[in-house]
There are 4 protein chains.
Amino acid sequence: MDRREVQASVKDERLVEKRRDQMIKGAITLFKQKGFHRTTTREIARAAGFSIGTLYEYIRKKEDILYLVVDRMYDQIRERLQEDLATNLGTVESLKLSIAYYFREMAEMQEEVLVMYQEAKSLSKDALPYVLNKEIQMVGLFENVIENCVRNGELDLDEKQIKLFAHNLFVEGQMWGFRRWALQKVYTLEEYIDLQLELLFYGVQRKVNQGTGGER
Amino acid sequence: MDRREVQASVKDERLVEKRRDQMIKGAITLFKQKGFHRTTTREIARAAGFSIGTLYEYIRKKEDILYLVVDRMYDQIRERLQEDLATNLGTVESLKLSIAYYFREMAEMQEEVLVMYQEAKSLSKDALPYVLNKEIQMVGLFENVIENCVRNGELDLDEKQIKLFAHNLFVEGQMWGFRRWALQKVYTLEEYIDLQLELLFYGVQRKVNQGTGGER
Amino acid sequence: MDRREVQASVKDERLVEKRRDQMIKGAITLFKQKGFHRTTTREIARAAGFSIGTLYEYIRKKEDILYLVVDRMYDQIRERLQEDLATNLGTVESLKLSIAYYFREMAEMQEEVLVMYQEAKSLSKDALPYVLNKEIQMVGLFENVIENCVRNGELDLDEKQIKLFAHNLFVEGQMWGFRRWALQKVYTLEEYIDLQLELLFYGVQRKVNQGTGGER
Amino acid sequence: MDRREVQASVKDERLVEKRRDQMIKGAITLFKQKGFHRTTTREIARAAGFSIGTLYEYIRKKEDILYLVVDRMYDQIRERLQEDLATNLGTVESLKLSIAYYFREMAEMQEEVLVMYQEAKSLSKDALPYVLNKEIQMVGLFENVIENCVRNGELDLDEKQIKLFAHNLFVEGQMWGFRRWALQKVYTLEEYIDLQLELLFYGVQRKVNQGTGGER
DNA sequence: TATGAATGAGACTTCATTCAT
DNA sequence: TATGAATGAAGTCTCATTCAT
């Protein structure tokens, strides 16, 4: 249930891997520029460095390329995230570092993320679940880390709060990219990260609540 | 700078208004179902109740329809929001009510919002700024209300915090729709609203914070 | 169950009729030359005198053209046949005249018949029954005439013999066309007709049979 | 003039023979199912048990395969026919047996015959004569046997009658296959054979003609 | 002002054939 | 001799847009 097969005519798996790599790279560049629908299969083939005939040796339909691209993006993001989260200590401090790390990663891949967000809906009813599943898995990574904090007594959240918190921070990571036309005019990335962390952890009413104590 | 002209061949302005109304209504229905690219101009004409020839009397290019649709959606959302925010008292309690109201509105228009999010990028470089401007205006509405709260001493936030807070709550309103595949399985809308308000205002560390006092 | 609909986008029925006429005429010419598979839709459009876009306003798929062509051919043949058979008197003499008439008709349409025979199998499982049904109807026309002869005491045949006789003469009409590479080198059409009539009515053993008694 | 050369790159004749055997067998299966045009060279290669590259070591063009297939079919049919006709005694009784034998053979090979009939026209102008020649030879086999009967005084037919009689019975053998959608619903094969023999030898007017004498 | 038939560029996809290994 | 990856011409079909009526 984890990976949808995209059929290739070519048998040599190493070659399939290599050609699809070229294909995906070319396609991402193009999708970034003009989106999936305005990109032609021939352009993708050319960008990948081979002929249209060859392209179709490695996929069945144009949509397969989109799936491959989105799939690849998720894998890349998750890989990096997983790597980082592995070192997480289950403290709030550590969690903040991970979130900041994630925000930076997403900032770096903002164009890819944009493609994902705008084109994923073009995937067939067939492929969509696989993709959504990947996103759920990624949110799950954060949920785990937050749970650890809760278990360690560093945070006091129930199941539903954990989940929503994870979703929020996940979306905020993407926000930097998909609302760049607004955010990037006002904030530097580091500013954005700092401010978001503050809001995520303390909300807007912290000072009022705390009554006495100033903080930070 | 507020409204891009879409040229019509027909002169009678009242008629233009009426036909575009029909057109937009039809188009929204179709865009919801199949997205902009998969919807043909003929289908839009039919859904609008007139012929393809007539359609082109009121627009110049297919993209114009998308612009008209997105434009209309923004206007609708803003209208309702403006109406509500007008009654806002500048207290935290009042702000929470407005946010909750906004969340419910967005939940009701979630499909329209989805269309906006997924298709807006299909607008030409020409039309995009107009649309983004509308979104900025809407966020601005919230900024104003929050500023009021700050002015009233109910919140303690600087300019940049206000802006980001507004963006966050704005996006969270949309989130209910564009992440429905995950959120709507777990939360009811009212649950979602309650939890988000909690996180927006108190963050995740509130209880720990409140508990003893100083932190970090 | 008698006629499969081929969908047209154009509403004006008279125009549809006219354009399909052009289309069928062009297609027949081309199919005669190169067969269905080697004829492109663009060639058909050009031969019909309009653009490829227009062609597809009057059909849905290339196969529709083949169906239309075959359908038309059957109708033409049946029309002429029906007209002739209407005058049939139910005597053997009259039957022979009708058969001769049919043979001549088929000789005239031999290329069309060839197309029918060679391309009909390219029709989808969907369309084939309609076409076969037409052929059965045509054979039925002859069956009726033969039955008349039987009823009039001019022939003594049971149901199954009638049917097979009808099939035979039907096929022999087509044979002149589809085996022309052999037959037309040896016989003139009239010779062919005379000889076939002889064989159909008296078989090869007549003379031996006659032995004693003269006949005819 | 008897066999057209199909060029092979491979020199080893025994190997060529073997590979073509595999090829033809695979191709026949496929042609039966989907016809020549809808069958791809790759499918043929796979069905033959080797690669597309290898396929092209033994032929030059796709059409060569069709030629080979049709050629093979004719040879098979002729072989069996020749074998049977060799034992023919030159009597009407013996002729009837041979015809019945031939009808049964053709019934068994009806799908092959169908392929031949529907696809032969796809052969190039170059290859067609060779194929037609084979058919003429086969008809010739029957002509000879009939001639024997005539020489033996069992039948009284001139040259042209003999030829046409041979063509007729030849076609009637194929008819069982190519009109199976009509015939096989009404007759059993043996019924069909009996009825056809009756018609071939005595025609439809025998009983009336003969008035008194029973026959057969 | 309304219509809808006509257009043709251009999209996707297939597949016979080649050729380096 | 065998392989199968690569090629690109060519085919079918769609659809935004125009324009005569």
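So that the names make sense, note that chain A is the first sequence line, chain B the second, and so on, each numbered from 1.
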Between C:Tyr58 and A:Thr39, which has a closest nucleotide on DNA chain E that is more 5'? C:Tyr58
DNA chain E: A:Lys62 or B:Ser9, which has the more 5' nearest nucleotide? B:Ser9
Measure from [atom1] on [X] to [atom2] on [N] and round the result to the nearest Å.
| X | N | atom1 | atom2 | value |
| --- | --- | --- | --- | --- |
| B:Phe36 | F:dA16 | CZ | P | 8 Å |
| A:Asp12 | E:dT21 | CG | P | 15 Å |
| B:Glu57 | E:dG4 | CD | P | 13 Å |
| D:Ile65 | E:dC15 | CD1 | P | 14 Å |
| B:Lys61 | F:dT17 | NZ | C1' | 12 Å |
| A:Glu13 | F:dA5 | CD | C1' | 16 Å |
| A:Glu43 | E:dT13 | CD | P | 15 Å |
| A:Arg60 | E:dC12 | CZ | P | 18 Å |

From C-beta outward on [X], which listed nucleotide comes closest to its side chain: [options]?
| X | options | value |
| --- | --- | --- |
| A:Val10 | E:dA11, F:dA5, F:dT12 | F:dA5 |
| C:Lys11 | E:dT7, E:dA5, F:dC13 | E:dA5 |
| B:Ile52 | F:dT18, E:dA2, F:dA5 | F:dT18 |
| D:Phe50 | F:dT3, E:dG4, F:dA6 | F:dT3 |
| D:Tyr56 | F:dA2, E:dA16, E:dT7 | E:dA16 |
| C:Arg19 | E:dT3, E:dA6, E:dT1 | E:dA6 |
| C:Thr40 | F:dG11, F:dT17, E:dT7 | F:dG11 |

Salt bridge check: are [X] and [Y] linked by an N-O gap of less than 4.0 Å?
| X | Y | result |
| --- | --- | --- |
| C:Glu112 | C:Lys25 | no |
| C:Lys18 | C:Glu13 | no |
| B:Arg19 | B:Glu57 | no |

Assign each of D:Gly49 and C:Gly53 to its nearest nucleotide of DNA chain F by heavy atoms, then name whichever residue's nucleotide is nearer the 5' end. D:Gly49
Have a look at [X] and say if it touches a base, only the backbone sugar-phosphate, or nothing, with a 4.0 Å heavy-atom cut-off.
| X | value |
| --- | --- |
| D:Arg42 | base |
| A:Arg38 | nothing |
| A:Thr41 | base |
| D:Thr54 | base |

For [X] and [Y], which heavy atoms make the closest approach, and how far apart are they?
| X | Y | value |
| --- | --- | --- |
| C:Lys34 | C:Thr39 | CG-OG1, 3.7 Å |
| A:Tyr58 | A:Arg20 | O-NH2, 2.9 Å |
| C:Ser122 | C:Phe36 | CB-CD2, 4.1 Å |

Watson-Crick and G-U pairing of DNA chain F written in dot-bracket, each distance under 3.5 angstrom, with | for inter-strand partners: .||||||||||||||||||||
CD (C:Gln33) with more than 12 external heavy atoms under 6.0 Å: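 Enclosed.
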Just say parallel, tilted or perpendicular for the rings of D:Tyr117 and C:Phe178, cut-offs at 30° and 60°.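 Taking C:Phe178 first and then D:Tyr117, their aromatic rings stand perpendicular (interplane angle over 60°).
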Any N or O donor-acceptor pair linking the side chain of A:Arg46 to the base of F:dG8 at under 3.5 Å?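 Donor-acceptor pair under 3.5 Å: no.
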